[in-house]
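Chain letters run A, B, ... following the sequence lines, proteins first, then strands; residues in each count from 1.
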Protein chains: 2
Amino acid sequence: METLNAAELLAALGHESRLSIFRLLVEAGTEGLFPSVIGEKLGLPAPTLSFHLSHLTRVGLIRGQKESRFIRYSAEYATMDELIAFLTSNCCQGEACLPKTSACDTVAKRRKLGDDTSSC
Amino acid sequence: METLNAAELLAALGHESRLSIFRLLVEAGTEGLFPSVIGEKLGLPAPTLSFHLSHLTRVGLIRGQKESRFIRYSAEYATMDELIAFLTSNCCQGEACLPKTSACDTVAKRRKLGDDTSSC
DNA sequence: TTTATATTTCTATAATACTTGAACTATGGA
DNA sequence: TCCATAGTTCAAGTATTATAGAAATATAAA
């Protein structure tokens, strides 16, 4: 991941509403959530929520799938994995802080759940 | 770490110049770097650089120590550790993605280098 | 077909953040 | 003391982002 791309992801998460939205979706798992539920939980007006959802979607941190009148939003775990890998890659004077196996174990765990979109 | 605080850190890193500055300092280790060196490497005018350095300092991601006419800036690894812990804490449907031991090993490693400011 | 619901897009406004020349402060050397 | 250097702060302009009411779209239910 390049610095510019990482900065984009970090900026997307660097807003209280968007970070809250993203965390709700991470907790919700592959089932995801509908905007109405998110808006209810966070007390956000629909247009404001829509604005943030489209921002998070644009940078690839979440994804929306249409289901009749609803749109099911869910977290893109692979993007988050890559971001965390980027953030830890140059830590501790060039040695990786977290062994690669940890990140890959995480991916492997999700792979069993049928949610593998990672290149790990 | 609370959401608001995490969002502040993420927003600080969510700018290409600041992310580059931070990564330079992470790579530089405890020795840190002087603004003149950073400005040279990244091609930033002094006031612009100063603006970003003070932003990163304010949120606690870096620290500046005066040394005669110079100011030695260095990364605050503990803050970054906490941020990464926050980002991974609700991952994978509530189970921590990365075993706690990994994060703590990292802290232990730095503790040996005399740079322990973490609560891990 | 009318109505209700979920969500988005449009629009305007408000707020915040970024950039950088110029001026300033602090320190060390001549 | 005078000058040079490192870095910051000031000030003003520019750009970007966030907010939310109103209008639009799409689907489903009555």
Side-chain angles (χ1 to χ4, degrees), chain A residues 3-25 28 31-76, chain B residues 3-25 28 31-76:
Chain A
T3 306
L4 179 58
N5 188 219
E8 243 174 34
L9 296 177
L10 290 163
L13 294 173
H15 183 283
E16 206 185 355
S17 299
R18 280 193 299 267
L19 184 55
S20 299
I21 292 167
F22 181 72
R23 280 171 73 82
L24 280 181
L25 291 177
E31 200 186 325
L33 292 171
F34 299 125
S36 54
V37 176
I38 300 172
E40 171 75 20
K41 290 201 188 210
L42 301 180
L44 292 174
T48 303
L49 176 60
S50 188
F51 171 83
H52 292 308
L53 286 171
S54 89
H55 188 157
L56 287 167
T57 303
R58 176 161 36 81
V59 301
L61 278 164
I62 68 174
R63 156 188 33 174
Q65 175 97 21
K66 200 155 193 209
E67 284 184 22
S68 88
R69 263 187 303 179
F70 307 83
I71 301 178
R72 184 184 298 276
Y73 280 97
S74 54
E76 287 280 20
Chain B
T3 307
L4 179 58
N5 188 218
E8 244 174 34
L9 296 178
L10 290 163
L13 294 174
H15 183 283
E16 206 185 355
S17 299
R18 281 194 299 268
L19 184 55
S20 300
I21 292 167
F22 182 71
R23 281 172 72 83
L24 279 181
L25 291 177
E31 199 185 328
L33 292 171
F34 299 124
S36 54
V37 176
I38 300 171
E40 171 74 19
K41 288 201 188 210
L42 300 180
L44 293 173
T48 304
L49 176 60
S50 189
F51 171 84
H52 292 308
L53 286 172
S54 89
H55 188 157
L56 288 167
T57 303
R58 176 163 34 82
V59 301
L61 279 164
I62 68 174
R63 156 187 35 173
Q65 173 95 22
K66 199 154 194 212
E67 284 185 21
S68 90
R69 264 186 303 179
F70 308 83
I71 301 178
R72 184 184 298 274
Y73 281 96
S74 53
E76 287 278 19

query: To the side chain of H52(B), which of dT9(D), dC18(C), dT19(C) is closest?
result: dT19(C)
- line: Here the distance between atom P of dT5(C) and atom CD1 of I71(A), to the nearest Å, is 18 Å
- line: Of the listed dG21(C), dT8(C), dA26(D), the closest approach to the P47(B) side chain comes from dG21(C)
- request: Would you mind reading off the distance between E8(B) atom CD and dT16(C) atom P, rounded to a whole angstrom?
  value: 13 Å
query: Any side-chain N or O of S68(B) less than 4.0 Å from the OP1 or OP2 oxygen of dT27(C)?
result: no
message: I want to check something: taking the side chain as every heavy atom from C-beta on, are I21(A) and L44(A) in contact at a cut-off of under 4.5 Å?
response: yes
- prompt: For L42(B) and dT20(C), what is the distance between atoms CG and C1' respectively, to the nearest whole Å?
  reply: 17 Å
field: Out of dT8(C), dG28(C), dT20(C), whichever nucleotide has its closest atom nearest the side chain of P45(B)
entry: dT20(C)
- request: Select one nucleotide: of dT8(D), dT19(D), dC18(C), the one nearest the side-chain heavy atoms of F51(B).
  value: dC18(C)
- prompt: Are I38(B) and K41(B) side-chain neighbours, meaning at least one heavy-atom pair lies under 4.5 Å?
  reply: no
- line: Between K66(B) and G14(B), whichever has its closest DNA chain C nucleotide further toward 5' is G14(B)
Distance below 4.0 Å between R69(B) side-chain N/O and dA4(D) OP1 or OP2: no
message: Rounded to whole Å, please give me the gap between CZ in R18(A) and P in dT17(D).
response: 9 Å
message: Applying a 4.0 Å non-hydrogen cut-off, can you work out what R72(B) is touching in the nucleic acid: base, sugar-phosphate, or nothing?
response: nothing
message: With a 4.0 Å limit, can you tell me whether H15(A) has a side-chain N or O closer than that to the phosphate oxygens OP1/OP2 of dT19(D)?
response: yes
field: F34(B) CZ to dA26(C) P, straight-line distance once rounded to whole Å
entry: 20 Å
field: Contact under 4.0 Å: Y73(A) side-chain N or O vs dA6(C) OP1/OP2
entry: no
query: Is there side-chain contact between L24(A) and L42(A), with heavy atoms separated by less than 4.5 Å?
result: yes
- prompt: Whole Å only: how far is the CD atom of E16(A) from the P atom of dT17(D)?
  reply: 19 Å
message: Looking at dA6(D), I'd like to know if its phosphate oxygens (OP1 or OP2) sit under 4.0 Å from a side-chain N or O belonging to S36(B).
response: no
Separation of dT20(C) P from L44(B) CG (nearest whole Å): 8 Å
- prompt: Do side-chain atoms of R18(A) reach the backbone of A12(A) as a donor and acceptor pair under 3.5 angstrom?
  reply: yes
query: Can a side chain N or O of T48(B) be found less than 4.0 Å away from OP1 or OP2 on dT19(C)?
result: no
- prompt: Roughly, in whole Å, what's the span from CZ in R58(B) to P in dT9(D)?
  reply: 12 Å
message: Let me confirm one number: the CG-CD distance from L49(A) to E40(A), rounded to the nearest 0.5 Å.
response: 11.5 Å
